[in-house]
Amino acid sequence: MKAYSERTSGFDNLDQYQFFNPGLYVIGATPAAGKTTFCWQLLEQLARKGETCIYYSYEMSQFELFSKSLARELFKRVPNTELTAADIRRGSWSVQLAATRDDFAKSKLDLSILELQDESIDDLLALLRPLCQDKAKAPVVCLDYLQIVPTSRDSAKLGVDDSVRKLKKFQRDTNTTFIVISSFNRTNYAQSVSFESFKESGNIEYTADVVWALQLYILNSINPSNIADSRKKIDAAKKKQPRQIQLKCLKNRQGTNYDCFFKYFSAHDYFEPCDKEDFKGKYSPDDNDID
């Protein structure tokens with residue numbers, strides 16, 4: 001593990017708690033919590049620190065993901081910019097964006113995207129194996145997302161179980177670091193996340209080394225039995241810029257569980273680490289404008 005002892009995620013708050021060693025990391029999220037954006041930013045930050053990173057995408061194209069990167073880097077340089085990733089994809093331009101693009105190209109990150117569609121988990125691992133063997137240090141790989149991977153099993157849950165077991169075996173054999181995005185049980189969308197949120201996602205809690213869940217911070221103060229009030233609060237929280245996001249570690253074989261907090265500038269595809277205290281006052285779940 002010495003080769004990975006100095007590895008950091010690029011999120012200062014997460015790095016205080018998590019040793020980012022090779023393993024199987026599963027992340028789920030409620031709608032509007034930005035799981036794809038979070039994972040893509042995480043991989044980009046790891047690549048900037050010299051890691052080999054590969055993003056397997058069943059939904060988003062290379063064009064879409066890299067436009068997120070440009071939008072984020074532009075926002076960090078010019079916080080008052082109005083250009084979003086969608087604007088960039090439509091051809092919007094500025095002098096600052098041109099400079100951002102040129103600097104991004106010069107960075108020569110070891111960050112690649114493989115667009116998948118009909119490939120099974122066996123196909124995916126066959127593509128990945130030579131990339132692991134050719135490197136002295138195994139890559140960081142993100143799979144987006146688990147439930148959409150084609151499977152031959154009649155039951156979706158059994159198909160997910162098969163995929164997770166194969167991913168874990170491959171991870172042990174190659175020392176790969178897997179970050180796997182998983183969907184949530186829809187019945188848990190309006191309550192604080194827990195292992196119950198992964199109920200329809202196979203036996204993730206047994207196989208994964210680390211289980212993360214992203215959620216809107218407002219969900220900590222919502223009464224799910226009051227459906228109308230819950231929807232009102234959640235809709236208001238989604239409209240906030242930045243959104244208040246909590247990362248909950250539900251399982252951690254490498255240490256203790258923890259919570260991290262982020263300001264999510266969804267219009268600019270950017271997660272900014274913050275303290276829980278930053279959500280008080282203007283961004284508190286008990287704000288009058290939310291209630």
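Bear in mind the structure is a predicted one, so any value in this text is a computation, not a measurement.
Judged by distance alone, the side chain of Thr81 and the main-chain N or O of Val78 form no donor-acceptor pair under 3.5 Å. Here the side chain of Ser120 pairs a donor or acceptor atom with the backbone of Asp123 at under 3.5 angstrom. Between the side chain of Arg153 and the main chain of Leu158, no donor-acceptor pair closer than 3.5 Å is present. Side-chain N or O atoms of Asp144 include none that pairs as donor or acceptor with a backbone N or O of Ser57 at under 3.5 Å. The backbone N or O of Ser61 lies less than 3.5 Å from a partner atom in the side chain of Glu64, making a donor-acceptor pair. In this structure a side-chain-to-backbone donor-acceptor pair under 3.5 Å is present from Gln41 to Phe271. Without hydrogens or angle criteria, Asp87 side chain to Ser92 main chain gives no donor-acceptor distance under 3.5 Å. Between the side chain of Asp162 and the backbone N or O of Gly159, no donor-acceptor pair lies under 3.5 Å. Arg72 places a side-chain N or O within donor-acceptor distance of the main-chain N or O of Asp269, the cut-off being under 3.5 Å. The closest donor-acceptor contact from the side chain of Glu277 to the backbone of Asp275 lies at 3.5 Å or more, if one exists at all.
Of the inter-residue distances, the one linking Ile54 atom CD1 with Ser112 atom OG reads 4.5 Å to the nearest 0.5 angstrom. The line from CD1 of Ile222 to CG of Asp229 is 7.5 Å long, rounded to the nearest 0.5 Å. Summarising the geometry, atom CG belonging to Leu247 is positioned 6.5 Å from atom CH2 belonging to Trp212; distances are rounded to the nearest 0.5 Å. Distance check, rounded to the nearest 0.5 Å: OG1 of Thr8 to CG of Leu14 gives 10.0 Å. A distance of 6.5 Å separates CG of Leu109 from CD of Glu44, quoted to the nearest 0.5 Å. Between the CG atom in Leu216 and the NZ atom in Lys240 there is a gap of 12.0 Å [rounded to 0.5 Å].
Here Gln254 pairs with Gln18, Tyr25 under the side chain to side chain donor-acceptor pair (under 3.5 Å) rule; sequence neighbours left out. Applying the salt bridge (charged side-chain N to carboxylate O under 4.0 Å, His left out) rule to Lys35 yields no partners; only residues at least two apart in sequence or on another chain are considered. The side chain to side chain donor-acceptor pair (under 3.5 Å) test applied to Thr100 returns no partner, not counting sequence neighbours.
Of all heavy-atom pairs spanning Val26 and Ser182, the tightest one is CG1-CB, 4.0 Å. When every heavy atom of Thr30 is checked against every heavy atom of Gln215, the shortest pair comes out as OG1-CA, 3.5 Å. Here the closest non-hydrogen pair linking Cys260 and Tyr17 is SG-CD1, 3.9 Å. Minimum heavy-atom separation, Lys251 to Thr207: NZ-N, 4.3 Å. Across Pro150 and Gln117, no two heavy atoms sit closer than the pair CG-O, 4.0 Å. Across every non-hydrogen atom of Ser194 and Leu250, the tightest pair is C-CD1, 3.7 Å.
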Test Gln246 against Leu214 for side-chain contact (heavy atoms from CB on, under 4.5 Å), laying out the working first.
-> CA-CA 6 Å; Gln246 179 181 11; Leu214 282 174; over 6 Å; no
Under the ring-ring contact (aromatic ring centres under 6.0 Å, His included) criterion, do Phe38 and Phe262 qualify, and how do the steps go?
-> CA-CA 10 Å; Phe38 179 86; Phe262 297 87; 5.5 Å; yes
Applying side-chain contact (heavy atoms from CB on, under 4.5 Å), run through Leu167 and Leu125 and close with a yes or a no.
-> CA-CA 8 Å; Leu167 287 170; Leu125 296 178; 4.0 Å; yes
Go through the steps to decide whether Glu73 and Arg77 satisfy the test salt bridge (Lys or Arg N to Asp or Glu O under 4.0 Å), and finish with yes or no.
-> CA-CA 6 Å; Glu73 289 303 308; Arg77 297 180 180 204; 5.1 Å; no
Checking side-chain contact (heavy atoms from CB on, under 4.5 Å) for the pair Phe75/Glu272: CA distance, chi angles, key distance, verdict?
-> CA-CA 11 Å; Phe75 176 71; Glu272 180 182 272; over 6 Å; no
Apply side-chain contact (heavy atoms from CB on, under 4.5 Å) to Arg243 and Tyr217, showing your working.
-> CA-CA 9 Å; Arg243 292 175 190 165; Tyr217 182 61; over 6 Å; no
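Side-chain contact between Gln45 and Lys49 is absent, with no heavy-atom pair separated by less than 4.5 Å. A heavy-atom distance below 4.5 Å is not found between the side chains of Phe19 and Ser5. In this structure, Val180 and Leu24 have side chains that are in contact, with non-hydrogen atoms separated by less than 4.5 Å. In this structure, the side chains of Phe63 and Ile88 stay at 4.5 Å or more apart for every pair of heavy atoms. Contact annotation: the side chain of Val211 never approaches that of Cys249 to less than 4.5 Å [non-hydrogen atoms, C-beta and beyond]. Within the 4.5 Å cutoff, the side chain of Lys276 has no heavy atoms near those of the Asp259 side chain. The side-chain heavy atoms of Pro242 and Tyr264, taken from C-beta on, include no pair separated by under 4.5 Å. Side chains of Arg231 and Lys233 form no contact here, defined as non-hydrogen atoms less than 4.5 Å apart.
Connection of Phe265 to Leu83 is not established within any shared hydrophobic cluster, with ILVMFWY side chains joined at heavy-atom distances below 4.5 Å, either directly or through further cluster members. Hydrophobic clustering (side-chain heavy atoms under 4.5 Å, transitive across Ile, Leu, Val, Met, Phe, Trp, Tyr) groups Ile148 together with Phe178. If you chain together hydrophobic residues whose side chains sit under 4.5 Å apart, Tyr270 and Leu42 never meet in one group. Residues Leu143 and Leu127 share a hydrophobic cluster, clusters being chains of Ile/Leu/Val/Met/Phe/Trp/Tyr side chains in contact below 4.5 Å. Note on Ile113 and Leu146: same hydrophobic cluster, where clusters join Ile, Leu, Val, Met, Phe, Trp and Tyr whose side-chain heavy atoms are under 4.5 Å apart, directly or indirectly.
Under a 4.0 Å N-O distance rule, the pair Arg253/Asp209 qualifies as a salt bridge. Under the 4.0 Å criterion applied to side-chain N and carboxylate O atoms, Asp102 and Lys106 are not assigned as salt-bridge partners. Using a 4.0 Å cut-off between charged side-chain N and carboxylate O, Lys137 and Glu51 make a salt bridge. Ion pairing between Lys239 and Asp235 fails under the 4.0 Å rule for side-chain N and carboxylate O.
In the model, Gln171 has no side-chain atom that pairs as donor or acceptor with a side-chain atom of Thr176 under 3.5 Å. One side chain, Lys68 or Thr37, offers a donor N or O that lies under 3.5 Å from an acceptor on the other. With no hydrogens or angles considered, a side-chain donor-acceptor pair links Gln241 and Ser266 at under 3.5 Å.
Residue-environment remark: OH (Tyr258) exceeds the threshold of 12 foreign heavy atoms within 6.0 Å. More than 12 heavy atoms of other residues, nucleotides or ligands lie within 6.0 Å of CD in Gln133, so this atom counts as buried by the packing criterion.
Under the 30°/60° scheme for interplanar angles, the aromatic rings of Phe66 and Phe104 are found to stand perpendicular.
Residue Asp122 is tested with Arg165, Arg129, Lys166 for a salt bridge (charged side-chain N to carboxylate O under 4.0 Å, His left out); the sole match is Lys166.
In this structure, Tyr56 has its ring center at least 6.0 angstrom away from the ring center of Tyr145.
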